[in-house]
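As structure tokens, the structure follows; a few thoughts come after it.
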Amino acid sequence: MSDQQRSGAPASGASGVPTGFTILRDPTRNKGTAFTEAERDALGLRGLLPPHVCSPEEQEARVLENLRRLPNNLEKWIALRALHDRNEVLYYRVVMDNPDEMQPIIYTPTVGLACQQYGHIFQRPRGLFLAASDAGRIASILRNWPYREVAIIVVTDGERILGLGDLGANGMGIPVGKLSLYTACAGIHPRQCLPIVLDVGTNNEALRSDRFYIGLRQERLRGPAYDALVDEFIAAARAEFPGVLIQFEDFANHNAFRLLAKYRNRIATFNDDIQGTAAVAVAGILSSLRITGKKLVDQRVLFLGAGEAATGIADLLTAAMMAEGLSEADARARSWLVDSQGLVVKSRTELAEHKRHYAHDHAPAGDFLSAVEALRPTAIIGVSAVGGTFTPRVLEAMARINDRPIVFALSNPTSKSECTASEAYKATRGKAVFACGSPFDPVTVDGKTFVPRQGNNSYIFPGVGLGAIASGAKHVTDEMFLAAARALAASVTEPDLEQGSIYPALARVRDVSAHIAAAVAEVATARGLATKTLPKDLASHMRALMYEPRYVTYA
């Protein structure tokens with residue numbers, strides 16, 4: 001693939017390229033002050049730009065200088081969105097060259113605050129808003145999207161944005177942020193990415209009464225009308241963009257599980273909150289075992305939270321244990337859930353369907369600490385979206401029960417984290433093997449410095465998406481996510497583990513994504529789900545497909 005093709009330029013060269021203010025206002029072609037002298041003459045830009053021709057490096061340095069003097073991450077999020085809207089190449093260059101600094105801004109935890117404030121900070125639309133009032137004309141609206149090469153759609157209905165609840169149409173920040181990471185982390189071309197909000201209303205009364213709210217001011221659509229809208233969207237998207245991969249994102253539990261079950265064997269689709277979170281958590285468990293020296297089949301995992309994330313992780317963990325020889329019943333028996341009513345046990349009669357696989361015979365336990373003391377787990381995983389629930393007493397109990405307790409506080413944004421890295425390491429005297437859902441600084445305990453890393457889905461979903469697209473996968477299976485988890489765990493180095501990091505550095509994420517994509521494509525091929533013929537060296541093939549943000553020469 002040529003540099004022109006990888007950067008999205010027309011192979012024929014500059015013919016048909018817009019000129020003057022038109023090209024300066026097109027973020028996919030605009031180079032700003034980096035337009036050369038020859039380009040300024042050829043494209044009618046002379047005088048429309050200041051005379052100095054900047055190198056891309058100068059432009060990036062200017063962006064970083066301005067970002068770093070902004071007072072908070074929300075202001076930085078706004079500034080990066082504005083950059084994305086005027087110069088796409090420069091935006092991705094900044095994000096890709098500075099992943100540790102930029103990912104927490106363009107996605108978790110900052111994207112949560114951005115969604116809460118979306119109507120107040122709204123500047124320019126990005127993505128498609130498909131409203132309940134658009135029923136019957138979804139296909140025609142999809143045709144308004146300017147690019148026909150869409151290969152992946154991230155769609156939300158905004159009902160369960162991170163741990164923040166119903167944010168309605170404000171949830172557009174999530175698919176926009178996710179797709180930025182698809183490009184930055186796995187090189188999926190921006191023109192192949194389409195963010196969508198299904199605006200079916202909101203039950204958030206504060207939003208409906210907010211004068212700046214951008215969505216429908218009505219209660220949420222439910223029942224057959226809701227299902228009909230989703231059906232219409234799925235059918236129209238598949239017709240307009242044949243073979244498109246559709247990722248469900250931040251749907252509430254009551255819709256997330258049933259929509260995944262409904263469509264997963266009909267189209268190429270997955271739910272990142274269920275399957276992506278599962279893969280990154282299982283990868284973290286596999287990496288942790290290299291520190292603890294224990295076997296996967298000997299783990300007992302207690303979840304704080306019993307929704308999409310918890311049951312998704314438990315399901316994939318069950319599959320991983322079955323692959324190591326356990327029966328399904330024995331594997332499921334090693335995962336336990338605690339919800340708002342306490343330990344999930346068989347004697348409880350009000351349980352939702354998705355919890356029942358993990359409702360075991362046991363005496364009730366009314367709180368998380370009691371469950372820890374009763375079950376003596378080797379690992380606790382927090383996906384509750386309730387901040388501070390891994391209390392010092394819980395952490396101290398885990399350290400008393402285990403030589404190296406596994407502690408994953410995965411809820412985000414930061415305010416929802418079950419505990420901080422500092423709390424986990426200090427309460428366990430440095431014994432915890434820790435992962436987090438939001439970024440935390442290194443922590444020093446008794447002279448040893450620990451470097452916590454996020455169990456962030458951005459390690460998983462970009463590579464899964466690339467592998468599914470590259471192979472033309474008919475479906476995205478749990479086996480693919482298990483392969484992705486193993487590939488991620490295998491990428492963790494011994495120096496990573498020595499500092500307590502159970503995930504690789506974000507600086508390596510594109511290489512990690514290439515290996516995950518290769519593992520996914522290998523499963524797709526082996527199971528007869530691939531519709532494209534692939535070369536033997538899959539990892540190299542995936543790297544060759546990756547978009548690189550480079551300016552095109554127009555003259």
Side-chain angles (χ1 to χ4, degrees), residues 1-10 13-14 17-107 110 123-124 126 176-177 179-191 193 505-511 546-555:
M1 181 179 289
S2 70
D3 284 350
Q4 275 194 322
Q5 289 171 316
R6 292 170 72 188
S7 55
V17 174
T19 59
F21 273 127
T22 303
I23 194 168
L24 293 177
R25 290 168 175 165
D26 179 352
T28 67
R29 290 188 170 100
N30 181 31
K31 298 164 63 171
T33 55
F35 280 110
T36 65
E37 296 283 357
E39 289 172 330
R40 294 175 188 215
D41 288 333
L43 300 174
L45 297 173
R46 184 69 62 185
L48 300 180
L49 295 166
H52 175 64
V53 176
C54 290
S55 69
E57 291 75 21
E58 286 177 296
Q59 289 184 309
E60 183 175 351
R62 180 185 292 116
V63 169
L64 290 172
E65 179 184 276
N66 281 282
L67 277 175
R68 288 167 180 165
R69 65 183 174 208
L70 291 173
N72 56 61
N73 278 353
L74 181 59
E75 293 295 328
K76 294 177 183 180
W77 185 94
I78 294 169
L80 283 169
R81 285 271 64 79
L83 175 61
H84 197 180
D85 286 339
R86 69 176 182 269
N87 187 329
E88 187 170 82
V89 168
L90 182 56
Y91 168 79
Y92 280 113
R93 191 74 271 158
V94 169
V95 170
M96 288 167 55
D97 287 348
N98 306 274
D100 288 295
E101 183 177 0
M102 297 301 151
Q103 281 204 26
I105 299 172
I106 67 171
Y107 204 61
T110 309
Q123 294 177 339
R124 183 174 175 177
R126 179 169 287 274
V176 169
L179 287 165
S180 290
L181 294 182
Y182 268 108
T183 298
C185 299
I188 296 175
H189 197 286
R191 291 186 187 177
C193 300
L506 280 175
R508 295 178 48 224
V509 71
R510 280 169 74 93
D511 184 61
M546 288 183 174
Y547 161 83
E548 291 288 344
R550 297 182 186 134
Y551 287 137
V552 173
T553 299
Y554 293 112

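- With rounding to the nearest 0.5 angstrom, the CG atom of L83 is 8.0 Å from the CG atom of L67.
- In this structure E57 satisfies the side-chain contact (heavy atoms from CB on, under 4.5 Å) test together with S55, sequence neighbours excluded.
- Within the structure, every pair that satisfies the salt bridge (Lys or Arg N to Asp or Glu O under 4.0 Å) test and touches residues 35-56, not counting sequence neighbours, is listed here: K31-E39, E37-R46, D41-R46.
- For F35, there are no ring-ring contact (aromatic ring centres under 6.0 Å, His included) partners, not counting sequence neighbours.
- Residues forming a ring-ring contact (aromatic ring centres under 6.0 Å, His included) with Y107 (at least two apart in sequence, or on another chain): none.
- In this structure, the side chain of R510 engages the main chain of A184 through a donor-acceptor pair within 3.5 Å.
- Shown here are the salt bridge (charged side-chain N to carboxylate O under 4.0 Å, His left out) partners of R124, two or more places apart in sequence or in another chain: there are none.
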TODO: I would like to know whether V95 and H84 meet side chain to side chain contact (heavy atoms under 4.5 Å, CB included); could you show each step before the answer?
DONE: CA-CA 10 Å; V95 170; H84 197 180; over 6 Å; no
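- In this structure T22 satisfies the side-chain hydrogen bond (donor to acceptor under 3.5 Å, both in side chains) test with no other residue, sequence neighbours excluded.
- In this structure, R62 does not pair ionically with E58, as no charged nitrogen and carboxylate oxygen lie closer than 4.0 Å.
- Qualifying side-chain hydrogen bond (donor to acceptor under 3.5 Å, both in side chains) partners for T183, counting only residues two or more places apart in sequence or in other chains: none.
- Partners of T110 by side-chain contact (heavy atoms from CB on, under 4.5 Å), not counting sequence neighbours, listed by chain and number: N73, W77.
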TODO: Before giving the answer on side chain to side chain contact (heavy atoms under 4.5 Å, CB included), spell out for Y551 and L90 the whole-Å C-alpha distance, their side-chain angles and the decisive distance to 0.1 Å.
DONE: CA-CA 9 Å; Y551 287 137; L90 182 56; 3.8 Å; yes
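- The stretch residues 17-28 participates, sequence neighbours left out, in these salt bridge (Lys or Arg N to Asp or Glu O under 4.0 Å) pairs: D26-R29.
- In this structure, the separation between CG on L506 and CG on D100 is 5.0 Å, given to the nearest 0.5 Å.
- Checked against side-chain contact (heavy atoms from CB on, under 4.5 Å), L48 has the following partners two or more places apart in sequence or in another chain: F21, L24, L45.
- Between E101 and K76 no salt bridge is recorded (no basic side-chain N to carboxylate O distance below 4.0 Å).
- Among residue pairs with one or both ends in residues 81-90, those qualifying as salt bridge (Lys or Arg N to Asp or Glu O under 4.0 Å) are D85-R126; sequence neighbours excluded.
- Looking at residues two or more places apart in sequence or on another chain, you find a side-chain contact (heavy atoms from CB on, under 4.5 Å) between D511 and H515, R543.
- Side-chain contact between T33 and P50 is present, with heavy atoms from C-beta onward closer than 4.5 Å.
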